[in-house]
S.K.: 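After the structure tokens below, expect a handful of questions from me.
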Amino acid sequence: MVQLSPHLDASFAALSDATRRGVLEQLGRADASITELARTFHMTLTGMKKHVGILEHAGLVRTEKVGRVRTCSLGPRRLQEAAAWIEGYRRLWDARFDELDQVIEQLQRQEKTHGRRNRA
């Protein structure tokens, strides 16, 4: 059964764009205004506002308006939720690969045992 998580859907949709991932990387180093982000990514203020709006809607970025300047910072909670979701699948695949390693080792032992019997 598929678990519906609108927060994860919004987070992964926001993260699907390279510019938005770049904005998150930039904000991981320091908070920045939308104007500074637009300048850094060589895009219009309107374009950057759209990207920041999508990130903000997903909960990946917080904005605060002081006077005429809107400052952006990371909203870490949603990133932690996405990372936890991915981590669950990493653990699942690690367990499956460990089981596969055990099967391979068992087959190799059996092959050695049968090889010795056939030579004798």
Side-chain angles (χ1 to χ4, degrees):
M1 179 175 203
V2 176
Q3 289 183 324
L4 299 176
S5 174
H7 296 301
L8 279 178
D9 292 348
S11 294
F12 285 116
L15 292 170
S16 69
D17 183 88
T19 299
R20 292 192 287 266
R21 290 192 304 274
V23 168
L24 291 178
E25 286 179 27
Q26 180 73 25
L27 294 176
R29 292 188 283 275
D31 295 352
S33 70
I34 292 177
T35 303
E36 292 167 334
L37 291 170
R39 194 176 317 125
T40 300
F41 290 90
H42 308 289
M43 66 175 28
T44 64
L45 196 55
T46 303
M48 183 53 70
K49 282 180 182 176
K50 288 181 182 177
H51 283 297
V52 168
I54 291 169
L55 290 167
E56 190 174 22
H57 174 73
L60 299 170
V61 166
R62 289 184 297 232
T63 63
E64 180 181 4
K65 189 170 184 178
V66 178
R68 297 181 59 172
V69 177
R70 183 168 291 277
T71 302
C72 304
S73 60
L74 283 181
R77 199 170 125 237
R78 294 286 189 252
L79 275 177
Q80 290 172 348
E81 288 176 7
W85 186 85
I86 291 170
E87 177 63 18
Y89 282 95
R90 189 194 62 76
R91 278 189 255 126
L92 173 74
W93 281 103
D94 280 351
R96 288 182 176 177
F97 282 122
D98 288 345
E99 289 176 20
L100 181 62
D101 286 344
Q102 291 174 0
V103 168
I104 290 171
E105 287 176 23
Q106 184 179 3
L107 289 172
Q108 288 174 336
R109 282 194 300 270
Q110 288 175 351
E111 190 175 294
K112 282 183 181 179
T113 302
H114 290 297
R116 289 182 190 146
R117 285 184 192 159
N118 289 339
R119 283 186 244 151

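Side chains are part of it too, since the values below use all heavy atoms of this structure and drop only hydrogens, waters and symmetry mates. Starting from 1, each residue takes its place in the sequence as its number. None of these values were measured; they are calculated from a predicted model.
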S.K.: Identify each donor-acceptor pair in which a side-chain atom of residues 89-100 lies under 3.5 Å from a protein atom, sequence neighbours left out, and give them as a table.
M.R.:
unit_1	atom_1	unit_2	atom_2	d
R90	NE	E87	OE1	3.0
R90	NE	E87	OE2	3.3
R90	NH1	D94	OD2	2.4
R90	NH2	E87	OE2	2.5

S.K.: Would you say that M43 contacts T19 through its side chain, given a criterion of any heavy-atom pair below 4.5 Å between the two side chains?
M.R.: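 Yes, their side chains come closer than 4.5 Å.
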S.K.: Sorted by first residue and then second, give each ring-ring contact (aromatic ring centres under 6.0 Å, His included) pair with at least one member in residues 45-83; sequence neighbours left out.
M.R.: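 Those involving residues 45-83 do not exist here.
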S.K.: Below 4.0 angstrom, N of the basic side chain to O of the carboxylate: do E36 and R39 qualify?
M.R.: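 No salt bridge links E36 with R39.
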S.K.: Could you grab the distance from atom CG of L60 to atom NE2 of H7, nearest 0.5 Å is fine?
M.R.: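 If I round to the nearest 0.5 Å, the distance is 11.5 Å.
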S.K.: Could you state whether V52 and I54 fall into the same hydrophobic cluster, counting links through intermediate Ile, Leu, Val, Met, Phe, Trp or Tyr residues with side-chain heavy atoms under 4.5 angstrom apart?
M.R.: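 Not linked; separate clusters.
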S.K.: Minimum heavy-atom separation for F12 and A82, please, with both atom names.
M.R.: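 Looks like CZ-CB, 4.1 Å.
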S.K.: Could you check I34, D31, L24 and say which one makes a side-chain contact (heavy atoms from CB on, under 4.5 Å) with C72?
M.R.: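 Exactly one pass, corresponding to I34.
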S.K.: Mind checking the CG-NZ spacing from L107 to K112? Nearest 0.5 Å is all I need.
M.R.: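 These two atoms lie 13.0 Å from each other.
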S.K.: If the condition is side-chain contact (heavy atoms from CB on, under 4.5 Å), which residues does T46 pass it with, not counting sequence neighbours?
M.R.: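 Per chain and number, T46 pairs via side-chain contact (heavy atoms from CB on, under 4.5 Å) with T44, K50.
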S.K.: One pair to check against side chain to side chain contact (heavy atoms under 4.5 Å, CB included): V66 and T71. What are the steps and the verdict?
M.R.: CA-CA 8 Å; V66 178; T71 302; 5.6 Å; no
S.K.: Taking only residues two or more places apart in sequence or in another chain, which ones pass side-chain contact (heavy atoms from CB on, under 4.5 Å) with E56?
M.R.: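 With neighbours one apart ignored, the set is T63.
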S.K.: Given the rule that I, L, V, M, F, W and Y join up when any side-chain heavy atoms are under 4.5 Å apart, are L37 and L45 in one cluster?
M.R.: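 Yes, L37 connects to L45 through the hydrophobic network.
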S.K.: E111: which residues meet the side-chain contact (heavy atoms from CB on, under 4.5 Å) condition with it, sequence neighbours left out?
M.R.: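 With sequence neighbours excluded, E111 shows a side-chain contact (heavy atoms from CB on, under 4.5 Å) to no residue whatsoever.
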S.K.: Which atoms form the tightest heavy-atom contact between A58 and A10, and what is the distance?
M.R.: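 Looking at all heavy atoms of both residues, the closest pair is CB-O, 3.5 Å.
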S.K.: Decide yes or no for V69 and T35: does some side-chain heavy atom of the first lie under 4.5 Å from some side-chain heavy atom of the second?
M.R.: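 Not touching, per the 4.5 Å side-chain cut-off.
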S.K.: Check this for me: R77, atom CZ, are more than 12 non-hydrogen atoms of other residues, nucleotides or ligands nearer than 6.0 Å?
M.R.: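 No, because the 6.0 Å sphere around CZ of R77 holds 12 heavy atoms or fewer from other groups.
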S.K.: Check whether any side-chain N or O of R62 sits under 3.5 Å from a backbone N or O of L74 as a donor-acceptor pair, and report yes or no.
M.R.: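 Yes, the answer is positive, given that a donor and an acceptor are paired below the 3.5 Å cut-off.
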S.K.: Please round to the nearest 0.5 Å and tell me the distance separating atom OG of S5 and atom CH2 of W85.
M.R.: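 S5 OG to W85 CH2: 9.5 Å, rounded to 0.5 Å.
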S.K.: Do R20 and V61 come within less than 4.5 Å of each other through their side chains, counting heavy atoms only?
M.R.: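 Answer no - side chains too far apart.
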S.K.: Can you name the residues that form a side-chain contact (heavy atoms from CB on, under 4.5 Å) with R21, not counting sequence neighbours?
M.R.: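 Only L15, A18 meet the side-chain contact (heavy atoms from CB on, under 4.5 Å) criterion with R21.
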